[in-house]
There are 2 protein chains.
Amino acid sequence: MSPREKRERLQQFEVLCRQRGLAITVQRRRILELILDRRDHPTADGVYELASRHLPNISRTTVYRVLDTLVELGVINKACSPGAATRFDPVTARHHHLLCVQCEKLIDLADSRVDHGVELPEVGDLAFQIKDFCIQFSGLCAACRRKPARRGAAPPKTDRPGERRGQC
Amino acid sequence: MSPREKRERLQQFEVLCRQRGLAITVQRRRILELILDRRDHPTADGVYELASRHLPNISRTTVYRVLDTLVELGVINKACSPGAATRFDPVTARHHHLLCVQCEKLIDLADSRVDHGVELPEVGDLAFQIKDFCIQFSGLCAACRRKPARRGAAPPKTDRPGERRGQC
DNA sequence: CTCCGTGCAAAAGGTTTGCACTGGT
DNA sequence: ACCAGTGCAAACCTTTTGCACGGAG
């Protein structure tokens, strides 16, 4: 990530913290910086490794908690693992998923019109051989739309379209 | 799933087992049946719960092993969790992922042309409010294309396109 | 009859929680 | 000075592994 973009992201992070009354601690700042420098989707443990170099006394617990916070602020995203445990799907034909970002319910979507427009990307330079794809739509399920908010989460903001909430 | 389709799937399962010299055990058959009846993406533990009703002495270990086997046979799919641990992504703008089904490397794909064709599905009946989406392309990364196969996996079959290998 | 598959127990990750102390605000 | 945030340890949950027995081929 470019130094300029990185600076902007850090600034955005501080603004969000102040908005929500969250402290801007060394740990939060440093961990965010570390992740912004990465393009390889580190695991929590990987982040801990990296963070340890800068903050020798940091604990894994803190790393987990900070990552959670950063995800809630929306400055980073979780990749994969909507729930803790792996889930299994009897449908092996191509289909897509609706993931509720609140209760993490996973719903099959058998609408084949959806993916007709998807063109396989050109990945010649990556030498990646694509075999299939799956689209994950994220949002709120019927039940969660009725419930106002979840514990500890931000107050219900206006739903700016384009705002990123899902994880993938 | 319709009784007819279910019967077909079970038959396909038995054929695949015989092809690969795998035993058709009560546990494998029953667990497959259970999952075919579900549309709610049960976790391994959920499957264990269900299976326990029919096979009181079954162990969690077996459930895990059977699920693995069924996924390798291709009669069910894993949903989510390419790796054991959650991974974090500094990129919060919409982008997509290339997932290597062998080494489980996750690569960002910033090709916005890809998703221009995606039309949001009609989910009025589900009352699901879609906020965003993410496409996961699965296949083989450059490194794994060079390596022949992985431990214990099926021998390198011809790559029929349309064959489903990825998990999502 | 021969192994593959199972069950049990124990270990190995990954993540969360309770509690006391420390450092931002 | 107050309280959110941290560090430590222990608990917890999910998954994997080693080993001996039993049943499918």
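Each chain gets a letter, A, B and so on, in the order the sequences are listed, and its residues count up from 1.
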> In whole angstroms, how far is the P atom of dG23(D) from the CD1 atom of Ile24(B)?
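Interatomic distance, CD1 of Ile24(B) to P of dG23(D): 18 Å.
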
> Please figure out whether Ala44(B) or Ala23(B) has its closest DNA chain D nucleotide nearer the 5' end.
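Final value for this comparison: Ala44(B).
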
> Between atom CD in Gln19(A) and atom P in dT25(C), what is the gap in whole Å?
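After rounding, the reported distance stands at 15 Å.
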
> Does a side-chain N or O of Thr25(A) approach OP1 or OP2 of dT6(D) to a distance below 4.0 Å, or not?
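Result: yes.
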
> Can you check the Ile31(A) CD1 to dT6(D) C1' distance for me, whole Å?
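Going from Ile31(A) (CD1) to dT6(D) (C1'), I get 11 Å.
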
> Can you check the Arg87(B) CZ to dT15(C) P distance for me, whole Å?
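About 11 Å, once rounded to whole Å.
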
> May I ask whether Phe88(A) and Phe13(B) are part of the same hydrophobic cluster, defined by side-chain heavy atoms of I, L, V, M, F, W, Y residues being less than 4.5 angstrom apart, directly or through others?
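Yes, Phe88(A) connects to Phe13(B) through the hydrophobic network.
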
> When the distance from OH of Tyr48(B) to P of dT15(D) is rounded to whole Å, what number comes out?
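Going from OH in Tyr48(B) over to P in dT15(D) covers 14 Å.
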
> In this structure, how many angstroms lie between the P atom of dG5(D) and the CZ atom of Arg29(A), rounded?
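It is 17 Å, rounded to the nearest whole Å.
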
> Taking 4.0 Å as the cut-off, does a side-chain nitrogen or oxygen of Thr43(A) come that near to OP1 or OP2 on dG14(C)?
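Answer no for this pair, as no side-chain N or O of Thr43(A) is under 4.0 Å from OP1 or OP2.
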
> Could you check how far CG of Asp68(B) sits from P of dT17(D), rounded to whole Å?
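Nearest whole value for this atom pair: 10 Å.
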
> Which nucleotide sits closest to the side chain of Arg60(A): dC8(C), dT15(C), dG25(D)?
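Among the listed nucleotides, the one closest to the side chain of Arg60(A) is dT15(C).
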
> Where the side chain of Arg29(A) meets the backbone of Ile24(A), is there a donor-acceptor pair that is under 3.5 Å apart?
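Not at all, since once roles are kept as given, no pair shorter than 3.5 Å links the two residues.
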
> Between dT6(C), dG24(C), dG25(D), spot the one nearest the side chain of Val26(A), thanks.
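Comparing dT6(C), dG24(C), dG25(D) against the side chain of Val26(A), the answer is dG24(C).
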
> Are the side chains of Val15(B) and Gln19(B) in touch, meaning some heavy atoms are under 4.5 Å apart?
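In short, these two side chains touch, coming nearer than 4.5 Å.
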
> Between Arg28(B) and dG5(C), is there a side-chain N or O to OP1/OP2 distance below 4.0 Å?
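Checking Arg28(B) against dG5(C): at least one side-chain N or O falls below 4.0 Å of OP1 or OP2.
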
> Rounding to an integer number of Å, can you tell me how far Asn57(A) CG sits from dG5(D) C1'?
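These atoms are roughly 15 Å apart.
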
> So, is Tyr64(A) near the phosphate of dT16(C), with a side-chain N or O under 4.0 Å from OP1 or OP2?
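No.
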
> Heavy atoms from C-beta onward define the side chain here; which of dT25(C), dT15(D), dT17(C) lies closest to that of Thr61(A)?
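So the side chain of Thr61(A) is nearest to dT17(C).
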
> Counting only distance, no hydrogens or angles, is the base of dG7(D) paired donor-acceptor with the side chain of Arg65(A) under 3.5 Å?
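Such a pair is found, so the answer is yes.
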
> Answer yes or no: does a side-chain N or O of Gln27(A) lie under 4.0 Å from OP1 or OP2 of dG23(C)?
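Result: no.
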
> Looking at Asp37(B) and Lys6(B), does any basic side-chain N land under 4.0 Å from a carboxylate oxygen?
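Here Asp37(B) pairs with Lys6(B) in a salt bridge, since their nearest N and O are under 4.0 Å apart.
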
> Membership question, hydrophobic clusters at under 4.5 Å side-chain separation (ILVMFWY): are Leu34(B) and Tyr48(B) in the same one?
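No, because Tyr48(B) and Leu34(B) fall into different hydrophobic clusters, even though each may have its own neighbours under 4.5 Å.
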
> With sugar-phosphate meaning primed atoms plus P, OP1 and OP2, does Asp45(A) contact a base, only sugar-phosphate, or nothing at under 4.0 Å between heavy atoms?
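Contact class for Asp45(A): none.
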
